[in-house]
Amino acid sequence: NRPRLRSGLYSAPPPPRFIPQKEIVYNGLLPYSDRLDREATELLAEIKANLCRAVLLRELWPGVAFWSRKLFSFLKLYGRRFSKEDHVLFIKLLYELVTLPDLEPHMMQIYARLLIQLLKKKELLSRDDLQLPWRPLYDLYERIIYSKTEHLGLIWFPNSVDHILKALIKSCRLYFPASSTKEMLDEWRPLLCVFDMVMQKAISNMELFLPTIMPPEEHSQGFQMWFEELMNLWMSVQNQPSWEGHLVNLFARLANDNIGYVDWTPYIPTIFTRILRSLNLPVGVSQMVAPRYLTNSYDVGHLVLWITALLGGPGNPGQKQLTCLFNSIASFYHPSNHGRWQSRLMRLLQRLPASVVRRVHRERHAEPSWITLVPECQRLTDEDLQDFTRSLMGATLLAMFSKTGSTDAAYALQNLALLTPELAIPPVLEKTYAAMQTLTEPHTLTATLSCMIGMARSLVSPNNHYPEGRAHVLPLLMGSLPGVDPNDFSKCMITFQFITTFTTLVPLVDCSSAPSRYSDLSEVRSYLCFASAEFEDFFLILNAHLKCHEN
């Protein structure tokens with residue numbers, strides 16, 4: 001139904017509207033933003049033309065390398081300001097370049113970094129838009145990591161090639177075909193022998209290559225082909241082999257990517273028992289400690305992912321085990337306890353609330369994409385979050401005064417306050433007020449102020465979870481003034497940071513006349529307006545403190 005012109009001919013259809021994959025929104029705020037669209041379009045056309053010309057001429061150096069760097073700079077300046085078709089073509093071209101046989105390691109790193117950048121936003125391209133074969137990447141990995149000539153000095157690989165290649169595989173495995181899982185298992189199953197060192201290679205390859213993000217209809221071709229077998233293998237081995245950590249990392253990734261689609265209930269008690277054992281804590285009267293040569297400790301980052309994915313669901317069995325776990329290790333967070341195991345405990349305490357915050361954001365606030373959502377029955381409820389906070393608060397309040405500092409505890413409390421401010425903030429407030437009235441314990445004041453700085457945003461947030469939090473701002477500011485003491489540098493600096501944080505979050509305006517002007521204010525708002533008249537007194541006292549110390 002195209003419109004006809006006066007001459008009787010049909011007019012051409014309008015060109016399709018250009019839809020960029022993802023632009024940098026801040027570019028629109030620049031004073032020359034009106035010129036950026038034209039510059040980006042011209043630069044992209046130049047990159048596409050010259051990159052194709054260099055590939056056709058087989059000029060890998062300097063042609064393809066130069067224009068690859070140009071494309072990398074384009075991504076930094078303009079974001080992914082190209083169509084989905086161009087995005088897919090760029091990725092396929094770079095994938096072919098990376099997997100070229102006998103490519104110099106330096107050139108491979110250039111193409112790999114660019115390909116990782118193109119694959120970084122996985123929500124932009126679904127598995128229907130892009131599929132990449134796994135075999136060329138595996139051949140490249142085998143040729144570099146297990147090179148037979150490097151130890152002879154016949155070839156040299158940069159120190160970073162291992163890290164870059166693994167990062168590239170992690171970015172690409174999302175787009176491996178559905179049939180790739182069976183092909184990988186056929187390749188590595190013959191190597192699964194617990195009495196041979198080749199088991200390490202097989203399990204590490206499975207951890208690195210096996211895809212775990214698939215739509216539910218493809219699960220039968222994915223993790224369901226190997227989950228029972230590998231889980232039974234992990235359950236049956238008790239001698240802490242070196243490959244056990246790789247298997248745990250694979251299970252953690254599987255659990256995080258498929259929340260609600262894997263039944264972990266029969267294995268949850270064993271999982272938390274193994275986690276407790278991997279912490280290598282001193283136990284018994286003789287203070288038995290695992291030998292120093294044992295390297296079987298699980299990676300804390302993957303443990304946190306696994307624990308987070310087990311939470312929620314009917315009955316919430318994962319939370320019950322987590323509560324038992326922290327009840328058993330809470331005493332190790334006491335300031336009087338110190339050992340080489342403490343750093344792992346502090347990392348666990350720091351990262352676990354942050355991981356739960358990411359999961360809550362993923363379930364409640366993330367933009368919908370092609371990646372499968374968490375089922376409604378498995379999502380974390382407010383009751384689940386309250387149980388989670390209660391299980392961690394005892395250990396966190398002890399860790400506030402750790403000999404290693406309060407940074408980890410402050411980070412944990414910050415995330416717990418984001419989840420459940422009504423449970424996380426009051427105990428810390430109580431300790432803070434007590435510390436402000438004690439002049440003989442500066443370490444206690446420094447630790448509590450550090451934790452309150454992390455919880456400041458949740459304290460002043462006008463939500464319905466902890467509405468009375470804003471009433472504590474002025475008492476806290478007034479109580480912190482004795483901390484301005486140049487004789488104790490650390491206490492003085494943390495006090496200034498505390499004051500700066502709260503004065504940044506709260507507008508310093510005298511609103512005491514507002515209740516007489518507006519009759520619809522609530523009781524809490526009226527109290528806050530009257531209390532704002534004390535801002536002037538706070539600054540006068542602060543100024544007097546500063547002048548006194550200057551003299």
Side-chain angles (χ1 to χ4, degrees), residues 26 29 350 353-354 356-358 360-361 364-365 385 389 393 396 400 406-436 445-484 490-515 518 521-543 545-546:
Y26 306 106
L29 305 176
Q350 173 195 359
V356 174
V357 168
R358 285 193 296 270
V360 171
H361 179 270
R364 302 183 183 183
H365 307 290
L385 298 180
T389 302
M393 279 304 296
T396 308
M400 286 174 57
S406 59
T407 304
D408 295 327
Y411 191 71
L413 286 169
Q414 177 184 0
N415 289 296
L416 290 175
L418 289 174
L419 296 173
T420 53
E422 68 278 9
L423 296 179
I425 295 179
V428 183
L429 277 175
E430 182 180 351
K431 291 181 177 295
T432 304
Y433 283 129
M436 287 178 174
L445 179 62
T446 302
T448 53
L449 288 183
S450 176
C451 294
M452 284 306 306
I453 289 171
M455 306 170 76
R457 181 165 170 257
S458 302
L459 182 70
V460 303
S461 178
N463 55 31
N464 297 324
H465 294 287
Y466 192 60
E468 60 270 23
R470 292 176 290 172
H472 293 277
V473 173
L474 269 165
L476 286 173
L477 288 174
M478 299 295 285
S480 66
L481 288 175
V484 182
S490 60
K491 182 175 71 173
C492 185
M493 291 306 298
I494 200 69
T495 303
F496 279 131
Q497 186 180 355
F498 178 84
I499 295 174
T500 303
T501 302
F502 276 95
T503 53
T504 303
L505 294 171
V506 178
L508 305 180
V509 180
D510 185 358
C511 303
S512 56
S513 60
Y518 305 98
L521 295 179
S522 63
E523 183 179 353
V524 175
R525 289 181 176 270
S526 298
Y527 172 78
L528 292 176
C529 290
F530 286 128
S532 64
E534 298 182 30
F535 278 132
E536 184 178 357
D537 297 336
F538 166 74
F539 279 107
L540 290 175
I541 299 174
L542 177 61
N543 191 31
H545 269 273
L546 295 176

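Note that the coordinates shown come from a computational prediction; the quantities given were computed from them, not determined experimentally. Note that the numbering runs from 1 along the sequence shown for the chain.
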Does some side-chain heavy atom of [Y] sit less than 4.5 Å from a side-chain heavy atom of [X]?
| X | Y | answer |
| --- | --- | --- |
| Ile453 | Ile494 | yes |
| Val356 | Asn415 | no |
| Gln350 | Thr407 | no |
| Ile499 | Phe538 | yes |
| Phe535 | Leu474 | yes |
| Val360 | Val357 | no |

Please report the shortest heavy-atom distance between [X] and [Y], naming the atom on each side.
| X | Y | value |
| --- | --- | --- |
| Thr396 | Ala412 | CG2-CB, 4.3 Å |
| Met452 | Phe498 | CB-CE1, 3.8 Å |
| Ser450 | Ala410 | O-CB, 3.8 Å |
| Cys451 | Ala409 | SG-C, 4.5 Å |
| Met436 | Leu476 | CE-O, 3.5 Å |
| Thr448 | Leu445 | OG1-O, 3.0 Å |

Approximate separation, where rounding is to 0.5 Å, of [X] [atom1] and [Y] [atom2]:
| X | Y | atom1 | atom2 | result |
| --- | --- | --- | --- | --- |
| Gln414 | Ser458 | CD | OG | 7.5 Å |
| Leu481 | Phe539 | CG | CZ | 10.0 Å |
| Met478 | Ile541 | CE | CD1 | 3.5 Å |
| Thr503 | Leu477 | OG1 | CG | 7.5 Å |
| Met455 | Ile425 | CE | CD1 | 4.5 Å |
| Leu418 | His361 | CG | NE2 | 11.5 Å |

For [X], look at atom [atom1] and say whether over 12 heavy atoms of other residues, nucleotides or ligands are found less than 6.0 Å away.
| X | atom1 | result |
| --- | --- | --- |
| Tyr411 | OH | no |
| Tyr527 | OH | no |
| Glu430 | CD | no |

* **Expected output: side-chain Ser461 to main-chain Arg457 donor-acceptor under 3.5 Å** =>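 The answer is no, because no donor-acceptor pair under 3.5 Å joins these two groups.
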* Asked: Would you say the side-chain atoms of Thr500 pair up with the backbone N or O of Phe496, donor to acceptor, closer than 3.5 Å?
  ->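 The answer is yes, because a donor-acceptor pair under 3.5 Å joins these two groups.
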* Asked: Checking side chain to side chain contact (heavy atoms under 4.5 Å, CB included) for the pair Val473/Leu505: CA distance, chi angles, key distance, verdict?
  -> CA-CA 10 Å; Val473 173; Leu505 294 171; over 6 Å; no
* Relative to the ring of Tyr433, is the ring of His472 parallel (under 30°), tilted (30 to 60°) or perpendicular (over 60°)? ->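 Judged by the thresholds at 30° and 60°, the geometry between His472 and Tyr433 is tilted.
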* Apply side chain to side chain contact (heavy atoms under 4.5 Å, CB included) to the pair Thr495 and Lys491, showing each step before the final yes or no. => CA-CA 6 Å; Thr495 303; Lys491 182 175 71 173; 4.3 Å; yes
* Before giving the answer on side chain to side chain contact (heavy atoms under 4.5 Å, CB included), spell out for His465 and Thr420 the whole-Å C-alpha distance, their side-chain angles and the decisive distance to 0.1 Å. => CA-CA 7 Å; His465 294 287; Thr420 53; over 6 Å; no
